[in-house]
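Here the structure comes first, spelled out in C-alpha cells, and everything after it is commentary.
Letters go in sequence order (proteins before strands), and every chain restarts at 1.
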Amino acid sequence: DQQVKQNSPSLSVQEGRISILNCDYTNSMFDYFLWYKKYPAEGPTFLISISSIKDKNEDGRFTVFLNKSAKHLSLHIVPSQPGDSAVYFCAAKRRAGGTSYGKLTFGQGTILTVHP
Amino acid sequence: DTAVSQTPKYLVTQMGNDKSIKCEQNLGHDTMYWYKQDSKKFLKIMFSYNNKELIINETVPNRFSPKSPDKAHLNLHINSLELGDSAVYFCASSQQFDTDTQYFGPGTRLTVL
C-alpha cells in the first residue's frame, strides 16, 4: 500500500522551459511534504518543502504547490536547466504525532531529463 | 568533508552469507536512519535511532539488525542473505527526530547471488 505515488516515471523537457513533476498521496494525516533530488551514485538531497498550512512555497527557480483537497502536490522548475536532470522524489510526513510521526514516506521518483 | 558516508559502496555476495554496511555522519546529528530502495524504486524506511536508541523499527525481517555504537554511527548487519535483499541501502541523519530535513549517504548497492 503505497501512500505516496509519482505516476510519471520520466519527464523530458527542453532547456529554458518549465518542468512540472507531480505527486499524489493517500494519507490525509500527512502534514508536511518534501522534494528530494538525486543524481546517479549519490544519495537524495533536500530541495524544497511545504507545510500543509500553505498552498505554495517558492525558492528561486523551484516552486512547490499543494492541493490538500486533491491530495496532490507538484514541483515546478522554471526555467529548467540541463543540470536539473536527476531523479526527483516526493516525500511526506506527519509532524503532529501518531504512528507515522517522524517518518518520511517516499514516492518512487520521476526521472527528469532537461535537453540543451 | 563528507556529511554522511557509507561503506562499502558496492557489495556482491552469495546467498546465506552474513554482511554488514557501515554508516557514519559528521554533522553532529542525533538521529540516524536506514532506508531500502527496492526494485520498484520506492525508498522505504527500515530503522531509526535517536541518540543510540531504536525509535523506528518497521516490518523488517529479524535477519536485519541495526547497531549504533555511538550517535555518529549506525551500522546494518544482515544475516543469512536472500536474493530479495538485493537493493540499494541508504543511510540518513537528521538533527533531531522531529527535524524535517534528512541528509542521505551515497547508498550501498547490495547484490545477492
Side-chain angles (χ1 to χ4, degrees), chain A residues 1-10 21 23-26 30-54 57 59 64 86-112, chain B residues 2-11 21 23-25 27 29-51 53-60 74 87-109:
Chain A
D1 175 31
Q2 303 301 338
Q3 299 183 62
V4 178
K5 288 183 183 177
Q6 295 173 254
N7 292 316
S8 298
S10 62
L21 298 113
C23 177
D24 296 295
Y25 62 96
T26 57
F30 288 143
D31 53 11
Y32 198 79
F33 305 89
L34 306 91
W35 284 93
Y36 278 79
K37 175 179 178 179
K38 183 185 178 305
Y39 291 118
E42 295 182 13
T45 55
F46 171 73
L47 189 58
I48 192 169
S49 61
I50 188 167
S51 164
S52 60
I53 61 173
K54 295 185 174 182
N57 188 28
D59 183 2
V64 56
V87 180
Y88 288 78
F89 289 96
C90 169
K93 70 181 288 187
R94 180 179 177 174
R95 280 173 151 182
T99 56
S100 298
Y101 178 55
K103 294 192 301 190
L104 281 181
T105 301
F106 282 86
Q108 69 270 54
T110 297
I111 302 170
L112 173 66
Chain B
T2 306
V4 182
S5 58
Q6 296 178 229
T7 53
K9 201 167 175 64
Y10 300 95
L11 185 53
I21 306 171
C23 178
E24 176 181 1
Q25 54 95 4
L27 297 165
H29 288 170
D30 286 348
T31 309
M32 296 185 73
Y33 310 81
W34 276 110
Y35 286 85
K36 178 181 179 181
Q37 186 177 28
D38 60 23
S39 57
K40 294 183 179 177
K41 305 300 181 187
F42 286 96
L43 268 161
K44 294 182 181 177
I45 191 165
M46 301 173 69
F47 302 103
S48 176
Y49 270 73
N50 188 59
N51 275 319
E53 182 183 340
L54 181 66
I55 52 172
I56 293 177
N57 186 356
E58 289 295 281
T59 308
V60 175
L74 180 62
V88 182
Y89 292 85
F90 289 96
C91 176
S93 73
S94 63
Q95 192 160 16
Q96 293 173 351
F97 175 57
D98 55 358
T99 306
D100 296 316
T101 305
Q102 296 179 14
Y103 296 82
F104 283 79
T108 296
R109 182 174 292 278

Next item on the list: Check whether A:Y36 gets within reach of chain B through its side chain, its backbone, both or neither, counting any heavy atom under 4.5 Å.
Entry: side chain
Checklist line | Flag if over 12 foreign heavy atoms under 6.0 Å of CZ, B:F47 | finding: yes
Notebook entry, point to check: Does NZ in A:K54 sit with more than 12 non-hydrogen atoms of other residues, nucleotides or ligands closer than 6.0 Å?
Noted result: no
Check: When rounded to the nearest 0.5 angstrom, what distance separates CD in A:Q6 from NZ in B:K41?
Finding: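 Answer rounded to 0.5 Å: 13.5 Å.
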Check: Distance from A:F33 atom CZ to B:D100 atom CG, nearest 0.5 Å?
Finding: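 Answer rounded to 0.5 Å: 11.5 Å.
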Can you confirm whether [X] sits close enough to [Y] that some side-chain heavy atom of one is under 4.5 Å from a side-chain heavy atom of the other?
| X | Y | answer |
| --- | --- | --- |
| A:L104 | B:Y35 | yes |
| A:F106 | B:Q37 | no |
| B:K40 | A:Q2 | no |

Checklist line | A:K103 side chain to B:S48 backbone, donor-acceptor under 3.5 Å | finding: no
Note to self: Below 4.5 Å, heavy-atom pairs only: which of A:G107, A:S49, A:G109 has the largest tally toward chain B?
What the structure shows: A:G107
Next item on the list: Kindly give the heavy-atom pair with the smallest separation between B:F42 and A:V4, and that separation in Å.
Entry: CE2-O, 3.5 Å
